[in-house]
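One structure is given here, and the rest of the page talks about it.
Quantities reported herein were computed from a predicted structural model and do not represent experimental measurements.
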Amino acid sequence: MAPELSTFEARRRANVVNNAKLLKDSAEAAAKMRRAAAPPPRSAAPKKRKAAEPAPRTRVMPTRQSARLAGAGSDSNDASLKLEDIPTELKPPAPKRIRTSGDLQLSDLQVEGQRWSSTGALASFVQGAQPGVRTFTEEDIKETSDSKLLDLRKEMGDLKLYEGWVPNDIKITPERVYALTFHPIQDKPIILAGDKKGTLGFFDASQETPNQPDEDDEDVDIPLPQVSAFEVHSRTISSIKVPTFDPNSVITSSYDSSIRCLDLQSQVSSQLWQPDDDDVDVGISCIDVSPEDKDTIIFSTLDGNLGRIDRRSKDKADMWSLSDNKIGGFSLNPLLPHLVATASLDRTLKVWDLRMIKGKGELRHPSLLGEHQSRLSVSHASWSRGGYLATSSYDDTIKVYDMSDAMKWKPGQDLSDDQMRPAHKIPHNNQTGRWVTILKPQWQHNPADGVEKFAIGNMNRFVDIYDSEGKQLGQLDGEGITAVPAVAEFHPTLNWLAGGTGSGKLCLWM
């Protein structure tokens, strides 16, 4: 006796029969419509027939038929039914490929197979920081053939990270460090830093340090270092200067359009300059002090102006419009302070002579001696005591210009293109992004060892040191550095170096 069919199987077989009947009826109806629409035969004159060419023999393939539509049973024949045996009109539609959205990491999209596994073609386009990856190694020092250069590299390599506290414990400012300098005193290292919110912080590295616990000791509370911080400005502190000839004065500038002087003895912060109109916003990007005249202060602004004030005079500041774009940094020649080098968002380094003022009224400006244009914006220009200019720019280079013959220049002298061409060009990643302060080279003002060198932060969490010939002398690191020490500067005379990070932490090498 045949087994009783289930409800599903009975319905399936009924559907098969109905579908077959529908297809048969449709085919008969279509045949009748074709016959009815066919035109009647026309009588035509007999034509001369050409000899018919023999038709090529073709292999007649059997017509494929659907086993399901033919009413085959589902017990034995269903297993042999294949997808290619189903007519096209009855096949299920292919699934639509869904568009991908969002950010995609190429490493997750690699096509399988050895043929497509290489990524070498893209290697030259990869930029960005690689934390902890050194760009100057022990091998570079060992391969140094110049004995003098070798001694300098060994000396810079011997600088060690401050051991009193780890960098993460020395929070010199509450917010990101924008400006940093050493006090010129040589008895002890005192570092000053200014942050994004206008706070000025002081750290004395000679203070008593706690005993370091043993590795086996757990839950030991280490007292934090003593740091003094004062809100002397209402916005970002852009520059800090402590003149060597007046070590009791700390001069600061800010984006809040003011220049202030903190007297360390009286502990009073006095305002040296601000716009006459309180509604005028003149963000100050940088200041420098003439070593010949401690009362003369030069400053640059975010809207491309250069200003000069005299602390002894009540006259208004001299203001000269030097660029339509922001002047990010500038410096005075330490031995020839009438020479000013400016770095601007307009991609230029320009050298000016304050001895010759040209033009009238609002068009007055110092004499432009020469300029050099980079591919992208120039962040800062720093002048050494020996007459070398160092700039950093967003074309990922540090450029060193040899202007050691500046003492021979006449007032207003035009500098040739050769004189303005950089003597050395150093590849250096200067892509700081949003959360890291712009990298700026800073020369050591008056090095006791007689070697002119400058420091600049490294995006791989180091500080790089170069000499006036563009040769790298060192790359400082240390355990516990978890951020880029972007704002780096030497002590004016001693080989002490400090770097401030985006979280207000301090790194110190001595």
Please name all residues satisfying side-chain contact (heavy atoms from CB on, under 4.5 Å) with [X], sequence neighbours left out, ordered by chain then number.
X: Thr144; answer: Leu149, Leu150, Arg153
X: Ser145; answer: none
X: Thr173; answer: Val177, Ala193, Asp195

Would you say [X]'s side chain and [Y]'s backbone share a donor-acceptor pair under 3.5 angstrom?
X: Ser382; Y: Gln442; value: no
X: Lys196; Y: Gly502; value: no
X: Asp405; Y: Met407; value: no
X: Ser253; Y: Cys286; value: no
X: Ser374; Y: Val378; value: no
X: Gln271; Y: Ser258; value: no
X: Ser392; Y: Leu439; value: yes
X: Asp256; Y: Ser234; value: yes
X: Gln444; Y: Leu494; value: yes
X: Glu155; Y: Leu152; value: no

Could you measure the distance from the [atom1] atom of [X] to the [atom2] atom of [Y]? Nearest 0.5 Å is fine.
X: His183; Y: Leu192; atom1: NE2; atom2: CG; result: 7.5 Å
X: Ser393; Y: His428; atom1: OG; atom2: NE2; result: 11.5 Å
X: Thr296; Y: Asp318; atom1: OG1; atom2: CG; result: 10.0 Å
X: Ile185; Y: Leu264; atom1: CD1; atom2: CG; result: 10.0 Å
X: Ser379; Y: Leu345; atom1: OG; atom2: CG; result: 9.0 Å
X: Thr493; Y: Asn446; atom1: OG1; atom2: CG; result: 7.0 Å

For [X] and [Y], which heavy atoms make the closest approach, and how far apart are they?
X: Thr199; Y: Pro174; result: CG2-CD, 3.7 Å
X: Ser367; Y: Gly412; result: OG-CA, 3.4 Å
X: Met156; Y: Leu476; result: O-CD2, 3.4 Å
X: Ser249; Y: Asp246; result: OG-OD2, 2.7 Å
X: Pro247; Y: Val242; result: O-CG1, 3.8 Å
X: Pro223; Y: Trp165; result: O-NE1, 2.7 Å

Does anything in [range] pair up under salt bridge (charged side-chain N to carboxylate O under 4.0 Å, His left out), and if so which pairs, sequence neighbours excluded?
range: residues 157-167; answer: none
range: residues 451-475; answer: Asp449-Lys453, Glu469-Lys471
range: residues 476-494; answer: Arg134-Asp477

With a 6.0 Å cut-off (strictly less than), is the heavy-atom count around [atom1] of [X], excluding the residue itself, greater than 12?
X: Gln373; atom1: CD; result: yes
X: Asp324; atom1: CG; result: no
X: Asp277; atom1: CG; result: yes

Determine whether [X] and [Y] make a side-chain contact, defined as any pair of heavy atoms from C-beta on separated by less than 4.5 Å.
X: Thr244; Y: His445; result: no
X: Leu272; Y: Ile251; result: yes
X: Thr252; Y: His233; result: yes

Exercise for review: Could you tell me which residues satisfy side-chain hydrogen bond (donor to acceptor under 3.5 Å, both in side chains) with Ser266, sequence neighbours excluded, listed by chain and number?
Suggested key: none
Review point. Run the salt bridge (Lys or Arg N to Asp or Glu O under 4.0 Å) check on Lys148 and Asp146 step by step: do they pass?
Key: CA-CA 6 Å; Lys148 184 177 179 181; Asp146 188 318; over 6 Å; no
Review point. Just one of Gln130, Gln475, Gln472 clears the side-chain hydrogen bond (donor to acceptor under 3.5 Å, both in side chains) bar with Thr135, so which one?
Key: Gln475
Determine, for [X] against [Y], whether the closest basic-nitrogen to carboxylate-oxygen distance falls under 4.0 angstrom.
X: Asp310; Y: Arg312; result: yes
X: Asp418; Y: Arg421; result: yes
X: Lys399; Y: Asp395; result: yes

Identify every side-chain donor-acceptor pair in residues 356-365 under 3.5 Å, counting partners at least two apart or on other chains, and give the distances.
none

Exercise for review: Would you sort out whether Asp303 and Lys326 count as a salt bridge (Lys or Arg N to Asp or Glu O under 4.0 Å), showing the intermediate values?
Suggested key: CA-CA 5 Å; Asp303 54 5; Lys326 165 188 172 182; over 6 Å; no
Pairs meeting criterion ring-ring contact (aromatic ring centres under 6.0 Å, His included) with involvement of [range], two or more places apart:
range: residues 262-308; answer: Trp273-Phe299
range: residues 369-423; answer: His372-Tyr401
range: residues 460-497; answer: Phe182-His491, Phe454-Tyr466, His491-Trp496
range: residues 301-342; answer: none

